[in-house]
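Below: one structure, written as structure tokens.
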Amino acid sequence: DITTNQEDFMYGRSLGESPEITGEFVTKTVQVNRGKNLSSMLKHFPGYGNNSDTHGGFALDRRDFQTFWDGDLIPFAKGIEENCEFILMSHVIAVCRDEIYPVSLSKSWNELLRNTMGYQGIIITDDLKMGAITQSFGVEESAVLAFQAGNDMVCSSDYDKQIPAVIQAVKEGRVSQEQIETSVIRVLEWKLDVGILLMTEENE
């Protein structure tokens with residue numbers, strides 16, 4: 001995240017530098033992590049800016065898209081160049097592409113990441129139990145919306161409720177089986193790459 005104002009909520013969790021310096025940091029960090037068989041997750045896409053804390057409630061980002069493109073998205077682009085393994089979607093509502101859904105539940109922002117920026121790794125939501133989500137979308141429906149938007153994984157504290165909701169959504173055709181399988185393949189390929197999952201003759 002790009003934050004240079006010490007009064008911003010995200011300042012203490014960011015590098016506190018320019019997009020260019022932060023981008024260089026991302027490049028080196030992803031490279032070093034991969035050399036140690038560690039995976040990298042970049043967050044919070046498309047850049048948190050000076051928005052308020054989404055743990056407690058929703059945050060509305062009214063910046064125009066060019067501001068994101070010329071600044072906040074630069075470190076993410078650098079991570080994509082290095083084939084970073086994960087990108088986490090924020091719960092901020094960035095109105096320049098979606099006035100209704102937060103980025104984590106937005107098909108438009110997901111498509112930007114996949115189709116425009118060329119990201120092929122795993123997309124994951126921020127925790128769906130945060131106030132920005134639960135206050136407006138509910139526990140079960142938020143998980144369904146997350147997969148409808150194109151996320152591969154959800155960060156879930158209410159998995160006992162959300163897994164059945166997503167399974168039911170697949171049965172009803174609200175989330176396609178093909179999409180689920182595509183996401184599962186991405187996750188399994190990552191697990192194989194880092195040695196979490198070992199290939200045997202039985203599962204080949």
Side-chain angles (χ1 to χ4, degrees), residues 1-3 5 7-14 39-63 65 68 72-73 76 84-114 119 121-177 179-184 186-187 190:
D1 289 303
I2 307 299
T3 53
N5 185 344
E7 301 302 316
D8 292 344
F9 163 71
M10 194 55 66
Y11 182 80
R13 300 175 62 187
S14 72
S39 298
S40 300
M41 178 183 293
L42 308 186
K43 65 178 192 176
H44 306 75
F45 186 86
Y48 205 92
N50 64 351
N51 290 289
S52 58
D53 184 2
T54 51
H55 288 83
F58 81 92
L60 204 61
D61 193 326
R62 297 189 180 278
R63 291 179 292 169
F65 180 72
F68 282 99
D72 297 70
L73 289 174
F76 291 100
C84 70
E85 291 82 2
F86 292 84
I87 289 182
L88 181 144
M89 310 297 266
S90 81
H91 288 330
V92 172
I93 299 176
V95 300
C96 62
R97 286 189 67 92
D98 196 327
E99 297 182 353
I100 299 174
Y101 294 107
V103 173
S104 54
L105 307 182
S106 170
K107 186 175 182 179
S108 178
W109 279 106
N110 201 291
E111 288 177 344
L112 173 82
L113 185 52
R114 288 284 187 216
Y119 180 60
I122 296 168
I123 300 177
I124 184 170
T125 70
D126 208 340
D127 194 338
L128 295 182
K129 198 167 186 176
M130 292 164 62
I133 301 300
T134 57
Q135 290 177 8
S136 300
F137 302 100
V139 173
E140 291 89 352
E141 186 64 14
S142 63
V144 174
L145 289 170
F147 286 109
Q148 286 179 335
N151 293 283
D152 298 301
M153 298 178 70
V154 298
C155 182
S156 171
S157 298
D158 292 310
Y159 54 86
D160 56 328
K161 300 175 182 177
Q162 291 173 333
I163 290 174
V166 172
I167 291 173
Q168 186 61 34
V170 173
K171 291 178 179 178
E172 295 172 354
R174 298 178 62 201
V175 177
S176 73
Q177 182 74 31
Q179 178 185 334
I180 295 295
E181 290 174 355
T182 298
S183 293
V184 168
R186 284 196 185 102
V187 174
W190 165 70

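Scope of the values below: all heavy atoms of this structure, side chains included, with no hydrogens, waters or symmetry mates.
- A165 approaches V144 most closely through the heavy-atom pair O-CG2, 3.7 Å.
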field: Criterion side chain to side chain contact (heavy atoms under 4.5 Å, CB included) on F76 and Y119, from CA distance to verdict
entry: CA-CA 9 Å; F76 291 100; Y119 180 60; over 6 Å; no
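- A donor-acceptor contact shorter than 3.5 Å links the side chain of D98 to the backbone of Y101.
- Between V139 and Q162 the shortest side-chain heavy-atom distance falls below 4.5 Å.
- Residue-environment remark: CZ (F65) exceeds the threshold of 12 foreign heavy atoms within 6.0 Å.
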Side chain to side chain contact (heavy atoms under 4.5 Å, CB included) between T3 and N5, intermediate numbers included: CA-CA 6 Å; T3 53; N5 185 344; over 6 Å; no
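- One distance of note links SG of C155 with CG of L88; it measures 7.0 Å at 0.5 Å rounding.
- To the nearest 0.5 angstrom, S106 atom OG is 11.0 Å from L145 atom CG.
- Relative orientation of the Y48 and F9 rings is tilted, given thresholds of 30° and 60° on the angle between their planes.
- Between G49 and D8, the shortest heavy-atom contact is O-OD2, 4.4 Å.
- Considering every non-hydrogen atom in both D152 and G121, the closest pair reads OD2-O, 3.6 Å.
- Within 6.0 Å of atom CD in E7, 12 or fewer heavy atoms from other residues, nucleotides or ligands are found, so the atom counts as exposed in its surroundings.
- Taking each heavy atom of G138 and S142 in turn, the nearest pair found is O-OG, 2.9 Å.
- At a threshold of 4.5 Å between non-hydrogen side-chain atoms, the residues I167 and K171 count as touching.
- To the nearest 0.5 Å, atom CD1 of residue I100 and atom CG of residue L105 are 12.0 Å apart.
- T125 and A146 make their closest contact through CG2-CB, 3.9 Å (heavy atoms, listed as atom of the first residue, atom of the second, distance).
- Between the side chains of S104 and N151, not a single donor N or O lies within less than 3.5 Å of an accepting N or O.
- Looking only at distances, a side-chain donor or acceptor of D1 sits under 3.5 Å from a matching main-chain atom of H44.
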task: In sequence, state the C-alpha distance, the side-chain angles, and the governing distance for V175 and I180, and then conclude on side chain to side chain contact (heavy atoms under 4.5 Å, CB included).
output: CA-CA 8 Å; V175 177; I180 295 295; 3.9 Å; yes
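- Residue-environment remark: CD (Q135) exceeds the threshold of 12 foreign heavy atoms within 6.0 Å.
- Of the possible donor and acceptor atoms, none in the side chain of H91 sits under 3.5 Å from a partner among the backbone N and O of A59.
- Residue R62 qualifies as open at atom CZ: its count of foreign heavy atoms under 6.0 Å is 12 or below.
- By the 30° and 60° cut-offs, the orientation of the rings of W190 relative to F86 is perpendicular.
- Here the side chains of W109 and I123 are not in contact, with every heavy-atom distance at 4.5 Å or above.
- Using a 4.5 Å heavy-atom threshold, the side chains of E140 and Q168 count as separate.
- With hydrogens and angles ignored, the 3.5 Å screen pairs a side-chain donor or acceptor of S14 with a backbone N or O of Y11.
- Of the inter-residue distances, the one linking I124 atom CD1 with E85 atom CD reads 13.0 Å to the nearest 0.5 angstrom.
- Atom CE of M153 is separated from atom CD1 of I122 by 6.5 Å, given to the nearest 0.5 angstrom.
- The shortest distance between side-chain heavy atoms of P46 and L73 falls below 4.5 Å.
- Judged by distance alone, the side chain of D61 and the main-chain N or O of R63 form a donor-acceptor pair under 3.5 Å.
- Within the model, atoms CE of M89 and CG of L113 stand 5.5 Å from one another, a figure rounded to the nearest 0.5 Å.
- Across all their heavy atoms, C84 and L42 have their closest contact at SG-CD1, 3.8 Å.
- The local environment of CZ in F137 is crowded, with over 12 non-hydrogen atoms from other residues, nucleotides or ligands closer than 6.0 Å.
- Under 4.0 Å is where a charged nitrogen must lie from a carboxylate oxygen, and between E141 and R174 at least one such pair does.
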